[in-house]
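Chain identifiers are assigned alphabetically (A, B, ...) following the order of the sequence lines, protein sequences preceding nucleic acid strands; residue numbering begins at 1 within each chain. Since we're looking at a predicted model, the values are computed, not measured.
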2 protein chains.
Amino acid sequence: MAEEEKTTEKLILDAARKVFLEKGFDGARMQNIADEAGINKALVHYYFRSKEKLFDAIFLEVFSGFFPKVSEIMFSDIAFEKKIELFVDKYIDMLTANPFLPIFMLHEMHRNPEKVVQLMKKTGLNPGKFIGQLVINIPGQSEPIDMRHFIVNLLGLCVFPFVARPILKGMLFNNDDKEIAKFLSQRKAIVTEVLIKSIKAK
Amino acid sequence: MAEEEKTTEKLILDAARKVFLEKGFDGARMQNIADEAGINKALVHYYFRSKEKLFDAIFLEVFSGFFPKVSEIMFSDIAFEKKIELFVDKYIDMLTANPFLPIFMLHEMHRNPEKVVQLMKKTGLNPGKFIGQLVINIPGQSEPIDMRHFIVNLLGLCVFPFVARPILKGMLFNNDDKEIAKFLSQRKAIVTEVLIKSIKAK
DNA sequence: GTCTATATGGCGATAGAC
DNA sequence: GTCTATCGCCATATAGAC
């Protein structure tokens with residue numbers, strides 16, 4: 001496939017992403033990253049000068065992926081309930097493919113909230129678009145829903161089982177990997193149903 | 001109130017709890033803890049021998065608090081819907097009083113999952129009790145609900161806005177502290193309503 | 001028990017040969 | 001560009017006076 005010739009920079013970035021996601025900034029070691037990339041520690045510094053700068057490169061990339069590219073879905077003409085279903089489907093796919101991503105993001109946001117604000121601007125993420133739709137009327141509901149709470153419900157229901165996986169595994173599934181994988185795969189349907197019920201009138 | 005005479009050990013534990021909760025194990029420094037306690041660094045080692053041992057003491061204590069003492073509620077004769085309301089009320093009170101607790105727990109669980117399993121036994125936390133009630137029938141619902149998904153929904157809806165507070169603050173509330181505090185105080189009612197709707201028939 | 005001073009090791013970062 | 005060797009700092013931990 002002619003892909004064998006990876007550049008050194010790409011090797012380092014792949015290694016750094018893996019190590020930072022697993023251990024976080026404080027837990028990661030430049031030596032780990034060099035080992036993972038199969039190169040020397042000095043070379044990592046040669047390409048990225050400092051741990052901080054390398055981390056920033058990874059964080060920026062990962063941050064962009066944390067909020068999936070679903071603007072097309074959100075602002076399309078699809079019915080609201082169908083939008084929810086599509087969003088949950090895409091988001092849980094992403095979480096399944098990147099299980100360490102949410103806990104990494106949440107931890108680093110606490111460690112350095114200023115950086116998040118700064119990076120939000122770089123990625124062009126625009127909260128204003130959402131705020132513009134804060135209160136939405138759905139046919140058949142008694143009163144308008146607060147979109148902020150709805151979004152938090154949506155994200156919480158999707159993300160929580162992934163960030164809490166280690167403890168759920170121990171407490172609810174006797175450390176059975178297959179059982180928890182099965183459980184997580186059921187989340188799409190569960191979350192969608194809960195969210196749709198949540199916007200119906202009592 | 002005659003409480004001024006705190007023992008040195010208590011001073012250290014209080015300081016360690018604060019620092020570990022804020023920074024995590026990797027980010028915390030023994031010097032920070034000593035400073036916070038107003039004593040010397042060597043004294044911390046004199047009482048707890050190592051950072052690891054001090055951390056274990058804190059983690060055990062904090063872990064016990066993460067799953068609130070609501071067994072009485074859960075296994076009482078109160079109607080199921082009222083149980084939900086009481087649980088959410090207590091849990092969100094706890095999260096409000098200890099905002100760093102969930103992100104700390106989740107991060108450390110990822111860093112060292114074995115320790116969690118080990119500590120679960122020490123605390124006497126018994127998942128079996130829950131598993132015994134895995135599927136529950138509520139009057140007026142079409143089919144039995146899976147209690148595991150219900151518990152995950154419950155915890156996710158309560159916990160997520162607290163662990164994601166830094167980013168929510170930036171993205172949805174323009175970094176306005178009052179606004180996000182108000183938002184969080186509304187979660188009790190929102191979460192209770194969503195959960196109750198979730199167990200009703202479609 | 002509590003302190004100051006110090007040992008010991010690890011990690012980020014750089015120097016310099018190739 | 002890539003390596004080996006090493007510097008300098010900082011963090012955990014201990015020694016030893018009081």
Side-chain angles (χ1 to χ4, degrees), chain A residues 2-62 100 104 107-108 110-112 114-115, chain B residues 2-62 100 104 107-108 110-112 114-115:
Chain A
E3 286 184 16
E4 338 234 338
E5 267 314 301
K6 277 196 176 174
T7 67
T8 303
E9 186 173 343
K10 185 94 172 66
L11 277 175
I12 294 172
L13 284 171
D14 288 344
R17 189 181 312 109
K18 183 174 177 201
V19 173
F20 278 133
L21 276 170
E22 248 178 72
K23 313 251 193 177
F25 181 83
D26 290 327
R29 297 289 169 258
M30 297 298 266
Q31 186 64 57
N32 302 152
I33 294 172
D35 292 348
E36 181 73 31
I39 58 169
N40 192 277
K41 193 174 57 159
L43 206 47
V44 182
H45 280 94
Y46 174 79
Y47 274 86
F48 290 91
R49 275 198 59 84
S50 74
K51 183 183 181 183
E52 184 83 19
K53 284 194 166 51
L54 176 54
F55 179 81
D56 285 359
I58 297 298
F59 192 77
L60 178 60
E61 173 203 304
V62 161
F100 290 151
F104 166 83
H107 178 74
E108 297 302 335
H110 276 258
R111 199 180 64 87
N112 195 348
E114 301 80 20
K115 182 162 287 172
Chain B
E3 286 183 15
E4 338 235 336
E5 267 313 301
K6 277 195 177 174
T7 66
T8 303
E9 186 174 342
K10 186 97 174 60
L11 277 175
I12 295 172
L13 284 172
D14 288 344
R17 189 183 312 109
K18 182 174 177 201
V19 174
F20 278 134
L21 276 170
E22 247 179 74
K23 313 252 192 177
F25 181 84
D26 290 327
R29 297 290 169 257
M30 295 298 266
Q31 186 64 58
N32 302 152
I33 295 172
D35 291 348
E36 181 73 31
I39 57 169
N40 191 277
K41 195 174 52 163
L43 207 47
V44 182
H45 280 93
Y46 174 79
Y47 275 86
F48 290 92
R49 276 195 58 83
S50 74
K51 184 183 181 183
E52 184 84 20
K53 283 194 167 50
L54 175 55
F55 179 81
D56 285 359
I58 298 297
F59 191 77
L60 177 61
E61 173 203 304
V62 161
F100 290 152
F104 166 83
H107 178 74
E108 297 302 334
H110 275 259
R111 199 180 64 87
N112 196 346
E114 301 79 20
K115 183 160 286 173

query = Where the side chain of B/Lys41 is concerned, which of C/dG1, D/dT12, C/dG12 is the nearest nucleotide?
reply = D/dT12

query = Going by atom types only, do B/Gln31 and B/Asp35 share a side-chain donor-acceptor pair under 3.5 Å?
reply = yes

task = Check the distance between C/dG1's P and B/Ile12's CD1 and give it to me in whole angstrom.
result = 11 Å

task = Would you kindly give the NZ-to-P distance between B/Lys6 and C/dT2, to the nearest whole Å?
result = 15 Å

message = By the 4.0 Å heavy-atom rule, please label A/Tyr46 as base, sugar-phosphate, or nothing.
response = base

Value in whole Å for how far the P atom of D/dA13 lies from CD1 of B/Ile33 = 11 Å

ask   = Among the nucleotides D/dT12, D/dG1, C/dG1, which one has an atom lying closest to any side-chain atom of B/Arg29?
value = D/dT12

note = When rounded to whole Å, the CZ to C1' distance for the pair B/Phe48 and D/dA11 reads 19 Å

message = Side chain of A/Asn40, heavy atoms from C-beta onward: which of D/dT12, D/dC3, D/dT14 has the nearest atom to it?
response = D/dC3

query = Contact class for A/Ala34 vs. all strands (heavy atom < 4.0 Å): base, sugar-phosphate, or nothing?
reply = nothing

key: First of A/Ser50 and B/Tyr47 reached from the 5' end of DNA chain C, by closest nucleotide   = B/Tyr47

request  = Determine, for A/Asp14 against A/Lys10, whether the closest basic-nitrogen to carboxylate-oxygen distance falls under 4.0 angstrom.
outcome  = yes

query = If you look at every heavy atom in B/Asp26 and B/Arg29, which pair is closest and at what distance?
reply = O-NH1, 3.1 Å

message = Of the options D/dT12, C/dA13, C/dT2, whose atoms approach the side-chain atoms of B/Thr8 most closely?
response = C/dT2

request  = Grab the CE-C1' distance between B/Met30 and D/dT12 for me, whole Å please.
outcome  = 7 Å

note = Taken to the nearest whole Å, CG/A/Leu54 to P/C/dC11 is 17 Å

request  = Using the test side-chain hydrogen bond (donor to acceptor under 3.5 Å, both in side chains), find all partners of A/Glu9 that sit at least two apart in sequence or belong to another chain.
outcome  = none

Distance-only check: which donor-acceptor pairs under 3.5 Å involve side-chain atoms of residues 46-60 of chain A, not counting sequence neighbours?
| residue | atom | partner | partner atom | Å |
| --- | --- | --- | --- | --- |
| A/Ser50 | OG | A/Lys53 | N | 3.1 |
| A/Lys51 | NZ | A/Phe25 | O | 2.9 |
| A/Lys51 | NZ | A/Ala28 | O | 2.9 |
| A/Glu52 | OE2 | A/Lys115 | NZ | 2.8 |
| A/Asp56 | OD1 | A/Lys115 | NZ | 2.6 |

request  = With the side chain of B/His45 defined as its heavy atoms from C-beta on, choose the nearest nucleotide among D/dC3, D/dA13, C/dT2.
outcome  = D/dA13

key: For atom CD of B/Glu52 and atom P of C/dG9, their distance in whole Å   = 19 Å

request  = Take atom CG of A/Leu43 and atom P of C/dG12, then tell me their distance rounded to the nearest Å.
outcome  = 16 Å

